[in-house]
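We count residues from 1, following the sequence as given.
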Amino acid sequence: MLSVTSSGLSPLSNTDIEIFNRIDLQPDVLAFPWHPERAFQYNYPMKVVGGSGQYRWGCQETNVARIDGQGVLTSIGEGIARPKVMDAKNSLHFDVSTAYVVPPVDMKFVPSPVEAQVGSVLDMPLAVFGRTIEDGDVIPFVRCHRMPLQWSFSEEGMFVIDESYETDFSAISSKACVALRIRALRVGFTELRALYEVDGISLSAKVVIGGFDPLKLVSPEEDALVALGSSWNYVFEGGPLPWVLEPTRFFQSGQDSKNDRVAVFAAGKDAADNHQLRVVCKDLGHHMFSVYVGNEPSETNLFPANATASTRVICGTPSTLELSPDLPEEYSRSCPWFREKTSDLPVLRDTNLGLRGHAFDQLG
């Protein structure tokens, strides 16, 4: 606040002047969809900064839009409106925005996560666009959740739509005007499609989405005891699949929680398409390690899902070694040697016999 005293031989009066930042009304341009067959109304809270903090709102084009005392703008009919905010302490201190209510001309899915673990959800934001009346520039709608959109999947049964979900505009991209919540039901890929057909206008958008099982250890079922310097293949199942549109971006890797205690190498996939990691013991003790599975970001999957699972390996020094013949299972049932459990094993001359070694620690 600035106090001003008049000049001259004697003071005539004092005047207090308050100086504020300029008023800024946002957004300065916005748009709502107009449906000729269904005159849906959309509300949008305008934001203002600056001034004294006390405002008056107005909009002369009441056939197009109206604005209440809290700055909430509501679309009414097709056309252009110019909502205005004024400082309650000085009506000459104001700002104006431009609002369009126009038919939709295009729509597309906004980049967002497109992979979900089975049982979890994806929120799929959709942007819909109109054109400015003066020059025909494309402009995104700020709200479109009442548009009669038709949603479908190229393959049914992989995802399901959450019909009870209402778009949380604070949680989705500012470029989107509606979001669809879907839940993953099983593993695989499908295409989500959005369709708008009203009064001769036909618009569509599509995006590929995928579901995957949680990443978990399947072998060994218990902690593996591995001799120092030896290795063991750990098998994991689940995790994100190679992205169907860009499978070369897929990766699987492992890491020791404590550097240099064990070495972890990706060993490809087994016959059941499970992830294999070869773990080499480099130091004695119980060591944790983790496996990471996912896809690197790509043009069609900017926000890929990554899964992590952890387990441990016991690296020890063997105290005993047991050798046994490596024979088919039916031999153990029919051969007399196995029934008598003698120490000597008869072997047919000029034949090769494989031996299987088992190492045990002091606890067996």
Side-chain angles (χ1 to χ4, degrees), residues 107-127 151-162 165 171-176 179-194 204-219 233-257 259 262-279 288-311:
M107 63 183 185
K108 64 181 181 180
F109 284 98
V110 177
S112 64
V114 289
E115 299 170 280
Q117 183 174 296
V118 170
S120 62
V121 299
L122 287 174
D123 289 340
M124 305 302 301
L126 181 72
W151 307 93
S152 63
F153 301 100
S154 60
E155 184 175 346
E156 296 295 331
M158 296 191 61
F159 283 81
V160 63
I161 296 173
D162 183 351
Y165 175 71
I172 66 172
S173 168
S174 59
K175 299 178 181 179
L180 180 74
R181 174 164 290 180
I182 55 178
R183 185 177 303 275
L185 299 180
R186 60 184 177 89
V187 175
F189 297 97
T190 186
E191 192 174 69
L192 172 62
R193 299 165 179 167
S204 64
K206 60 184 180 180
V207 63
V208 174
I209 55 178
F212 60 90
D213 280 330
L215 182 65
K216 63 181 181 180
L217 176 70
V218 294
S219 176
N233 278 8
Y234 281 70
V235 181
F236 296 81
E237 67 177 7
L241 303 176
W243 183 238
V244 64
L245 299 180
E246 297 177 79
T248 59
R249 308 296 289 175
F250 179 77
F251 70 87
Q252 60 175 3
S253 62
Q255 183 177 354
D256 176 16
S257 61
N259 295 334
V262 297
V264 185
F265 304 96
K269 293 194 173 185
D270 64 8
D273 206 32
N274 293 324
H275 312 286
Q276 295 187 102
L277 265 76
R278 176 160 295 175
V279 179
M288 297 296 297
F289 69 93
S290 300
V291 57
Y292 305 92
V293 176
N295 293 275
E296 299 288 350
S298 60
E299 184 177 352
T300 56
N301 188 3
L302 290 176
F303 309 98
N306 295 322
T308 304
S310 298
T311 188

Inset, instruction - State, to 0.1 Å, how close Gly157 and Arg186 come at their nearest heavy-atom pair, and which atoms those are. - result: O-NE, 3.4 Å
Inset, instruction - Hey, could you give me the CG/CZ distance between Asn295 and Phe251, rounded to the nearest 0.5 Å? - result: 7.5 Å
Legend entry - Any side-chain heavy-atom pair of Val208 and Val114 under 4.5 Å: no
Legend entry - Distance-minimising heavy-atom pair for Trp151 and Ala194: CZ3-CB, 3.6 Å
Side chains of residues 233-244: which donor-acceptor partners sit under 3.5 Å, not counting sequence neighbours?
from: Asn233; atom 1: OD1; to: Arg278; atom 2: NE; distance (Å): 3.0
from: Tyr234; atom 1: OH; to: Arg312; atom 2: O; distance (Å): 3.2
from: Trp243; atom 1: NE1; to: Thr300; atom 2: OG1; distance (Å): 2.9

Inset, instruction - Considering non-hydrogen atoms only, spot the tightest contact between Asn306 and Gly294 and give its length. - result: OD1-CA, 3.4 Å
Inset, instruction - Mark yes when over 12 heavy atoms from residues, nucleotides or ligands other than Glu299 sit less than 6.0 Å from its CD; otherwise mark no. - result: no
Legend entry - Nearest-0.5 Å distance that lies between atom CD in Gln276 and atom CZ in Phe265: 15.0 Å
Legend entry - Asp162 side, atom CG; Leu122 side, atom CG - distance, nearest 0.5 Å: 12.0 Å
Inset, instruction - Side-chain contact test, heavy atoms from C-beta onward, threshold under 4.5 Å: evaluate it for Leu192 versus Phe109 and give yes or no. - result: yes
Inset, instruction - Looking only at non-hydrogen atoms, find the nearest pair between Ala184 and Gln117 and report the distance. - result: CB-O, 3.7 Å
Inset, instruction - Would you kindly say whether Glu246 and Asn301 are connected by a side-chain donor-acceptor distance under 3.5 Å? - result: no
Inset, instruction - Would you check if Val293 and Phe212 make a side-chain contact, meaning some heavy-atom pair closer than 4.5 Å? - result: no
Inset, instruction - Using a 4.5 Å cut-off on heavy atoms from C-beta on, say whether the side chain of Arg193 contacts that of Ser204. - result: no
Legend entry - Close side-chain approach of Leu302 and Pro297, heavy atoms under 4.5 Å: no
Inset, instruction - Enter the distance from Ile182:CD1 to Thr190:OG1 here, rounded to the nearest 0.5 Å. - result: 9.0 Å
Inset, instruction - Can you measure from CD (Glu155) to CZ (Phe189) and round to the nearest 0.5 angstrom? - result: 11.5 Å
Inset, instruction - Quick one: pull up CG in Leu180 and CD1 in Ile172 and give me the separation to the nearest 0.5 Å. - result: 11.0 Å
Inset, instruction - Give the minimum heavy-atom separation between Ala205 and Leu126, together with the two atoms involved. - result: CB-CD1, 4.0 Å
Legend entry - Contact summary for Asp123 and Ser112, nearest pair of heavy atoms: O-OG, 4.1 Å
